[in-house]
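Written below as structure tokens is the structure these notes are about.
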Amino acid sequence: VAMASSDPKAKPVYNTKVSTPTAIVSYNAAPNDPHRPTSMPIYQSSTFVQPSATEFQEYDYTRSGNPTRTALEILVAGMEGAHAAFAFTSGMSALATMTRLLKSGDEILCSADIYGGMYRLLTKVSVRQGIKVRFVESWDLEKVKEALSPQTKIVHIESPSNPLMMVTDIRKLAELVHAHGALLTVDNTILSPVLMRPLELGADVVVHSATKFYGGHADVMSGFVCCKTKELSQQIYFHQNAEGTGLAPFDCWLVMRGVKTMALRIERGMHNALAVANFLSQQPLVKKVHYAGVASAKGVDAAEQRRKYELHKSQASGAGVLLSFETGDVKTSQRFVSAVKLFKITVSFGGCSSVIEMPSVLSHASIPLEEQHLPPDLVRISVGIEESRDLIADITQALIAAGGPAAVAPSARL
């Protein structure tokens, strides 16, 4: 009988000599399993028996480590080019653990356009631990430079940002932050390592809500923290273990199953998103389109959009599937969202299905209305893997339902 490996302690190895999609699919997650499974086994066990009273194996208690979780973490670390990656119970759990790198008296500068859950974590939880929190337009490096203080230890961003799709120059920001002696952390959920690897651009820590593209089927919650150095990895692991926030074995298996098709899903979704963004820019009802993947967008200054587009191209291979637009009127946006048939009205993004929402009342509702910088009429779309012509037909009928026949261009009515 052929054996997988003569070494029972053999660990999975990420293949850095091939492309990311190939490395994901060809990844051998269980090289030490004598039965040579093509899918990583689920080690659904809370405890592991030790050889003797004085001999100990690698695993003892799943809170501290589990073979299924290890296989997933090695895969993700390879995808991001990280020293190590750590799997958590949700994206918010990952973000919360990232903030454990701070101590009382430290300051975090956070991008002004940020996911609502992160805003809530910083302003309602981190501040109670003695951490100072300020928000800054990270896409304006001069404003970041002015905002940095002796207490600033972390600058945290998204690029593109959620939901206004602002683009930050990660390379230049990393230089600025490191010269100040601080860390740069990047939430890479919107793009994934298939499209951008922030650690290679100068970031120190990358965070993901793996509920989105990694899982890809809206059936599992998870998150990752990916660290550039051994020192940062040790700190994150300590808190993952001490606070019991590691991802359960079955959920790890679900993410590993989902990630195999991530590159395909992103490629198809991004193709559709580009078609949707260009279509929206041609419609009279739409006043402004936010998407980093187009050289020109309706309602956005031409030079500014071109600058954003070129900057994004210099640090990522695509703009992803998330976009947003404005109608100029809250009621009109509400009618549009309520009229779609193929798009699911819900939070989150990155799944197979196209979803739609108004951030001010759903994904970013945790930000008090008086503190929101978002246009209240903003509509956010995560474009899925359906046929683009079907999605555009659905958008067309919803635009007409929201604003009558004049809401769409004559060519769209044909």
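This is a predicted model, so every value here is computed, not measured.
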Taking only Lys NZ, Arg NE, NH1 and NH2, and the carboxylate oxygens of Asp or Glu, determine whether [X] and [Y] approach each other closer than 4.0 Å.
X    : Y    : result
D301 : R307 : no
K145 : E142 : no
E243 : R100 : yes
E310 : R306 : yes

For [X], check salt bridge (Lys or Arg N to Asp or Glu O under 4.0 Å) against everything at least two apart and list the hits.
X    : answer
R134 : E107
D106 : K103
E146 : none
E267 : none

A side-chain contact here means heavy atoms from C-beta on lying under 4.5 Å apart; do [X] and [Y] qualify?
X    : Y    : result
F48  : P67  : yes
F86  : F224 : no
V383 : L323 : yes
L101 : Q235 : yes
D60  : T47  : no
P41  : D33  : yes
E304 : Y309 : no
L121 : M92  : yes

Query - Worked check of side chain to side chain donor-acceptor pair (under 3.5 Å) between D113 and H373 - result: CA-CA 8 Å; D113 188 39; H373 68 286; 3.0 Å; yes
Query raised in the report: Hey, do the aromatic rings of F336 and F325 have their centres closer than 6.0 Å?
Result: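 They qualify: ring centres under 6.0 Å apart.
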Between [X] and [Y], is there a donor-acceptor pair closer than 3.5 Å when you use the side chain of the first and the backbone of the second?
X    : Y    : result
T20  : V194 : no
Q283 : A409 : yes
K228 : L199 : yes
H178 : A174 : yes
W253 : M40  : yes

Query - S222 and D251: CA distance, side-chain angles, deciding distance, side chain to side chain donor-acceptor pair (under 3.5 Å) verdict - result: CA-CA 8 Å; S222 53; D251 290 341; over 6 Å; no
Report task. Using the side chain to side chain donor-acceptor pair (under 3.5 Å) rule, take T152 and S149 through it: C-alpha gap first, then chi angles, then the decisive distance, then the call. Result -> CA-CA 5 Å; T152 305; S149 75; 3.2 Å; yes
Query - Distance in Å, L102 CG paired with M98 CE, rounded so as to fall on 0.5 Å steps - result: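 It is 7.5 Å, given to the nearest 0.5 Å.
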Query - Rounded distance (nearest 0.5 Å) linking atom CG of L391 with atom CD1 of I356 - result: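 Interatomic distance, L391 CG to I356 CD1, rounded to 0.5 Å: 10.5 Å.
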Check whether the side chains of [X] and [Y] place a donor and an acceptor atom closer than 3.5 Å, and report yes or no.
X    : Y    : answer
S338 : R335 : no
T327 : S333 : yes
E357 : T346 : no

Report task. For D219 and R257, run salt bridge (charged side-chain N to carboxylate O under 4.0 Å, His left out): C-alpha distance rounded to whole Å, both residues' side-chain angles, the deciding distance at 0.1 Å, then the answer. Result -> CA-CA 11 Å; D219 58 8; R257 181 187 64 167; 3.3 Å; yes
Atom pairs and distances, side-chain donor-acceptor, residues 69-85, under 3.5 Å, sequence neighbours left out:
residue : atom : partner : partner atom : Å
R69     : NH1  : T62     : O            : 3.3
R69     : NH1  : L247    : O            : 2.9
R69     : NH2  : T62     : O            : 2.8
R69     : NH2  : R63     : O            : 3.2
T70     : OG1  : Y59     : OH           : 2.9
T70     : OG1  : N66     : O            : 3.1
E73     : OE2  : A87     : N            : 2.8
E73     : OE2  : Q240    : NE2          : 3.2
E80     : OE2  : N188    : ND2          : 3.1
E80     : OE2  : H208    : NE2          : 2.6
H83     : ND1  : S233    : OG           : 2.9

Query - Evaluation steps, salt bridge (charged side-chain N to carboxylate O under 4.0 Å, His left out), between K172 and E175 - result: CA-CA 5 Å; K172 289 185 178 179; E175 292 175 2; over 6 Å; no
**Report entry** Pair listing, side chain to side chain donor-acceptor pair (under 3.5 Å) test, anchored in residues 316-326, at least two apart
**Finding:**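 Of all non-adjacent pairs touching residues 316-326, those that pass side chain to side chain donor-acceptor pair (under 3.5 Å) are H290-E326.
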Query raised in the report: T168 and S138: side chain to side chain donor-acceptor pair (under 3.5 Å), yes or no, with the steps?
Result: CA-CA 6 Å; T168 294; S138 62; 2.9 Å; yes
Query raised in the report: Which is it for V207 and V186 under the side-chain contact (heavy atoms from CB on, under 4.5 Å) test, yes or no, and what are the steps along the way?
Result: CA-CA 6 Å; V207 184; V186 178; over 6 Å; no
